[in-house]
Number of protein chains: 2
Amino acid sequence: MKLKKRSDCPVSTSLDIWGDKWSLLIIRDLMFAKECTYGDFLKAPEHIATNILASRLQALEENKIIEKLDHPESKAKVLYRLTKKGIDLLPIMIEINLWAEKYFPIPANRKAMLKEVKKDKIAFIKSMTKELERQDVR
Amino acid sequence: MKLKKRSDCPVSTSLDIWGDKWSLLIIRDLMFAKECTYGDFLKAPEHIATNILASRLQALEENKIIEKLDHPESKAKVLYRLTKKGIDLLPIMIEINLWAEKYFPIPANRKAMLKEVKKDKIAFIKSMTKELERQDVR
DNA sequence: TAATTTTACTTGCAAATTGCAAGTGCAAAT
DNA sequence: ATTTGCACTTGCAATTTGCAAGTAAAATTA
């Protein structure tokens with residue numbers, strides 16, 4: 001599977017990579033949990049189909065948004081993690097949350113996070129980015 | 001057509017509305033041009049199919065992201081414009097552009113805009129929002 | 001050690017969505 | 001009065017999605 005660019009527009013190019021109903025949910029899970037297994041993604045409340053999950057994970061990996069790494073406890077498990085390119089989607093993710101909060105009721109725990117964001121957005125992003133970047137030695 | 005929410009997550013809810021390959025391109029056009037006709041959207045370099053455009057415009061209108069208004073020059077034309085809810089997607093749009101700029105080559109005119117953004121993001125958004133909100137009396 | 005379970009997928013197929021081409025109906029221009 | 005422009009709609013083939021079941025390797029249990 002190769003990326004087909006519809007135009008040179010940066011918005012269009014971005015959507016070519018993660019502009020579907022599922023990719024940003026996978027990225028969301030990785031931002032909130034830092035690392036996830038295949039099974040973790042399946043536990044998300046939106047209930048992605050297993051074949052769609054597999055195809056999205058593959059596409060995101062091909063586009064260097066996520067990467068696989070060995071699970072420290074088991075060879076049967078696979079850990080997925082955001083690359084720097086993926087972590088850099090954080091500002092977009094935060095703005096999506098802020099927009100949604102303005103127009104829809106949202107869960108309390110997410111609301112608490114956004115309260116922190118609004119205190120100092122730049123600091124929040126910097127700190128969360130640092131956390132996500134910390135690559136544990138295994 | 002009614003919105004089916006996959007979960008209470010604000011990201012998921014947002015994607016239910018505009019999380020496809022085309023909606024944000026329509027919104028992009030309206031942000032850059034302020035107002036567009038049906039034909040204007042068709043002129044975009046990504047070449048959306050006419051039936052897809054019609055269905056997206058309808059969905060975005062149902063979700064109060066855009067609204068129709070009478071064209072001042074002709075009853076045969078229809079003008080589309082962003083609502084406040086749509087204009088509030090601007091921070092997301094800007095972050096998408098900034099992310100893309102970091103990882104892909106992007107056109108010079110867009111790059112010039114992002115230079116302005118980076119000088120003072122908050123001021124840029126405020127000023128562009130104001131411009132988009134100005135509802136001309138016709 | 002053998003049998004069962006867990007984990008990460010793959011496969012097959014029906015249903016929904018997309019994309020292309022052509023058509024329609026009203027408005028405006030000629 | 002006829003043609004052109006504009007905003008869609010329609011029909012249909014191709015692609016994508018979603019569900020259910022299956023597979024293979026690794027880990028656990030008996």
Side-chain angles (χ1 to χ4, degrees), chain A residues 1-7 12 15-26 29-30 33 35-63 65-81 138, chain B residues 1-7 12 15-26 29-30 33 35-63 65-81 138:
Chain A
M1 275 185 220
K2 54 181 270 279
L3 177 70
K4 38 188 172 203
K5 257 186 137 187
R6 287 174 295 171
S7 80
S12 160
L15 294 178
D16 288 338
I17 297 176
W18 47 258
D20 65 270
K21 292 237 174 287
W22 295 110
S23 294
L24 278 181
L25 297 183
I26 291 171
D29 289 345
L30 290 171
E35 287 171 355
C36 295
T37 63
Y38 192 88
D40 290 336
F41 293 119
L42 292 177
K43 280 176 210 138
E46 294 85 9
H47 298 114
I48 187 169
T50 59
N51 55 341
I52 309 291
L53 176 58
S55 87
R56 288 298 165 277
L57 287 173
Q58 195 192 330
L60 289 172
E61 198 189 355
E62 282 169 3
N63 285 295
I65 305 289
I66 65 175
E67 61 190 354
K68 287 182 179 188
L69 72 143
D70 291 339
H71 195 288
E73 292 169 7
S74 158
K75 268 193 276 187
K77 292 183 184 178
V78 178
L79 272 182
Y80 288 93
R81 166 169 78 179
R138 304 191 179 287
Chain B
M1 271 184 227
K2 53 181 271 278
L3 177 69
K4 39 188 169 195
K5 255 186 139 190
R6 288 173 294 172
S7 80
S12 160
L15 293 177
D16 288 337
I17 296 177
W18 48 257
D20 64 88
K21 291 239 174 290
W22 295 108
S23 294
L24 277 181
L25 297 183
I26 291 171
D29 289 345
L30 289 171
E35 286 170 356
C36 295
T37 63
Y38 193 88
D40 289 336
F41 293 119
L42 292 177
K43 281 175 210 140
E46 294 86 9
H47 299 114
I48 188 170
T50 59
N51 54 343
I52 308 292
L53 176 57
S55 86
R56 287 299 165 276
L57 287 173
Q58 194 191 331
L60 289 172
E61 198 189 355
E62 281 169 4
N63 286 295
I65 305 289
I66 66 175
E67 61 190 354
K68 287 182 179 189
L69 72 143
D70 291 341
H71 195 287
E73 293 169 6
S74 157
K75 267 194 279 188
K77 292 183 184 179
V78 178
L79 272 183
Y80 288 92
R81 166 170 78 179
R138 303 192 179 286

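Please read all numbers here as calculations on a predicted model, not as lab measurements. Order of the sequence lines fixes the chain letters, A, B, ..., with proteins taken first and strands second; residue numbering starts at 1 for each chain.
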Practice task
Using side chain to side chain contact (heavy atoms under 4.5 Å, CB included) as the criterion, list what pairs up with A:Ala33, not counting sequence neighbours.
Solution key: A:Cys36
Fill in the blank from the handout: Here the distance between atom P of D:dT16 and atom CD1 of A:Ile48, to the nearest Å, is 16 Å
Exercise for the section: Report the C-alpha distance between A:Thr37 and A:Asp40 in whole Å, list the side-chain angles of each, state the deciding distance to 0.1 Å, and finish with yes or no for side-chain contact (heavy atoms from CB on, under 4.5 Å). Expected result: CA-CA 5 Å; A:Thr37 63; A:Asp40 290 336; 3.2 Å; yes
Problem - Under 3.5 Å: donor-acceptor pair, side chain of A:Lys21, backbone of B:Leu15 - result: yes
Exercise for the section: Tell me, with the steps shown, if A:Arg56 and A:Asp20 meet side-chain contact (heavy atoms from CB on, under 4.5 Å). Expected result: CA-CA 10 Å; A:Arg56 288 298 165 277; A:Asp20 65 270; 3.2 Å; yes
Handout entry: Residue that, paired with B:Leu79, satisfies side-chain contact (heavy atoms from CB on, under 4.5 Å) out of B:Lys68, B:Glu35, B:Glu73, B:Glu67
Key = B:Glu35
Practice task
Give a yes/no answer on whether the side chain of B:Trp22 brings an N or O atom under 4.0 Å of OP1 or OP2 in C:dG19.
Solution key: yes
Fill in the blank from the handout: Partner of C:dC26 under the Watson-Crick or G-U wobble criteria, both distances under 3.5 Å, comes out as D:dG5
Problem - Protein-nucleotide distance (B:His47, atom NE2; C:dT18, atom C1'), rounded to Å - result: 17 Å
Practice task
Please figure out whether A:Ile52 or A:Lys75 has its closest DNA chain D nucleotide nearer the 5' end.
Solution key: A:Ile52
Problem - Whole-Å gap separating C1' (D:dC8) and CG (B:Leu60) - result: 16 Å
Practice task
Whole angstrom is fine here: how far is it from CG in B:Leu53 over to P in D:dC8?
Solution key: 8 Å
Handout entry: Working for side-chain contact (heavy atoms from CB on, under 4.5 Å), residues A:Ile48 and A:Leu42
Key = CA-CA 6 Å; A:Ile48 187 169; A:Leu42 292 177; 4.0 Å; yes
Practice task
Could you tell me the separation between the CZ atom of B:Arg6 and the P atom of D:dG18, rounded to a whole number of Å?
Solution key: 8 Å
Practice task
Select from A:Asp20 and A:Ser74 the residue whose nearest nucleotide in DNA chain D is closer to the 5' end of that strand.
Solution key: A:Asp20
Exercise for the section: Let me know the distance between CD1 of B:Ile66 and C1' of D:dA7, rounded to the nearest Å. Expected result: 14 Å
Fill in the blank from the handout: Letter by letter from the 5' end, nucleotides 3-17 of chain C scores (B base, S sugar-phosphate only, - none; protein heavy atoms under 4.0 Å) ----SSBBBB-----
